[in-house]
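Atoms within a ligand are numbered from 1 in the order they appear, just like the ligands themselves.
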Amino acid sequence: MIQIQQIPVLQDNYIYLIHDTDSDETAVVDPAIAEPVLSTLKENNWQLTYILNTHHHADHVGGNRELKAATQCKIIGAKSDSKRIPAIDIVVQQQEIITLGKHSLEIIECSGHTLGHIAFYLAAANALFCGDTLFSMGCGRLFEGSAEQMWQSLEQFKKLPLATQIYCAHEYSLANAKFSLSVEPNNAHLIKTIEHIRQLRENKRPTVPTSLQQELATNPFLRTNSSEIKSMLNLPTATELEVFTELRNRKDTF
Ligand code: ZN
Ligand code: FE
């Protein structure tokens, strides 16, 4: 059985521990810092097998060296970004499979936020660990990649099963929701979702993971064929990529 534990750290980051009870193997996704990972491992009596890094930013790899020194775990990251992932041991690329016990994690290359960004898809748990690519009601900023690259990355996620749980690396839902509502004010599903996540946040609870089904209904970056969004942007005949590009530009200055 797979167990996933979410650790909120820093301002709004999430670190995820993935534990397979059969093999006793444990992976951590994007350890921004080491200490809370080490204490959670200790609490559960788990040994760290792997660090999985989605991309090179400090709030995703900051704990790499300390965790490796403390646990002798192996660090897995993108082949194309291996020079920027601290202490990397194993490089992976598109469609490659790594295993936790008998469970497969598939690598999905998803450049856009950075070049060389990857996601890890764990079918056994219906889970996608997508770093800073897809967020609840938002997507990552384009620091290195183009709008088209990010668009293609999100298109791959759209093909996963609807029940896929989206384990993104930040709690940005409330801020994202405000922008989403500004470009699709009559989306009833979105209005209901905002009410729900407000309550969660008031009670200091996470709004993540979300699901692919939920995002397809509320996330403007996955809804570039929405006629309301197109008309709000004054782009009634634009392609979906053009709509996406305009959304991303507007979100940057929202
Ligand atoms: Zn980042
Ligand atoms: Fe980040």
Is it the case that the side chains of [Y] and [X] hold a donor-acceptor pair, with the cut-off being a distance below 3.5 Å and no angle test?
X    : Y    : result
D81  : H56  : no
Q165 : S211 : no
D30  : T54  : yes

Next on the checklist: Restricting to N, O or S, what is the name of the atom of D132 that lies nearest the Fe ion (ligand 2)?
Outcome noted: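 Minimum-distance N/O/S atom of D132 relative to the Fe ion (ligand 2) is OD2.
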
Next on the checklist: If I consider every N, O or S atom in D59, which one ends up closest to the Fe ion (ligand 2)? I only need its name.
Outcome noted: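 The Fe ion (ligand 2) is closest to the D59 atom OD2, counting only N, O or S.
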
Checklist entry - Of the options H117, R141, H60, which is the one that meets D132 in a side-chain hydrogen bond (donor to acceptor under 3.5 Å, both in side chains)? => result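 Only one option passes, and that is H60.
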
Item to check | Option from D12, T207, T193 for which side-chain hydrogen bond (donor to acceptor under 3.5 Å, both in side chains) with S173 holds | outcome: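 Among D12, T207, T193, the one that satisfies the side-chain hydrogen bond (donor to acceptor under 3.5 Å, both in side chains) with S173 is T207.
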
Checklist entry - So does H55 have any N/O/S atom less than 2.8 Å away from the Fe ion (ligand 2)? => result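 Of the N, O and S atoms in H55, none lies under 2.8 Å from the Fe ion (ligand 2), which means no.
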
Checklist entry - Does H113 bring an N, O or S atom to within less than 2.8 Å of the Fe ion (ligand 2)? => result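 Given the 2.8 Å cut-off, H113 does not count as a ligand of the Fe ion (ligand 2).
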
Checklist entry - If you stand at the Zn ion (ligand 1) and look out to NE2 of H113 and NE2 of H55, what angle do those two lines make, to 10°? => result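 An angle of 100° at the metal.
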
Checklist entry - How wide is the angle at the Zn ion (ligand 1) between ND1 of H57 and OD2 of D132, to the nearest 10°? => result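 Seen from the Zn ion (ligand 1), ND1 and OD2 are separated by roughly 170°.
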
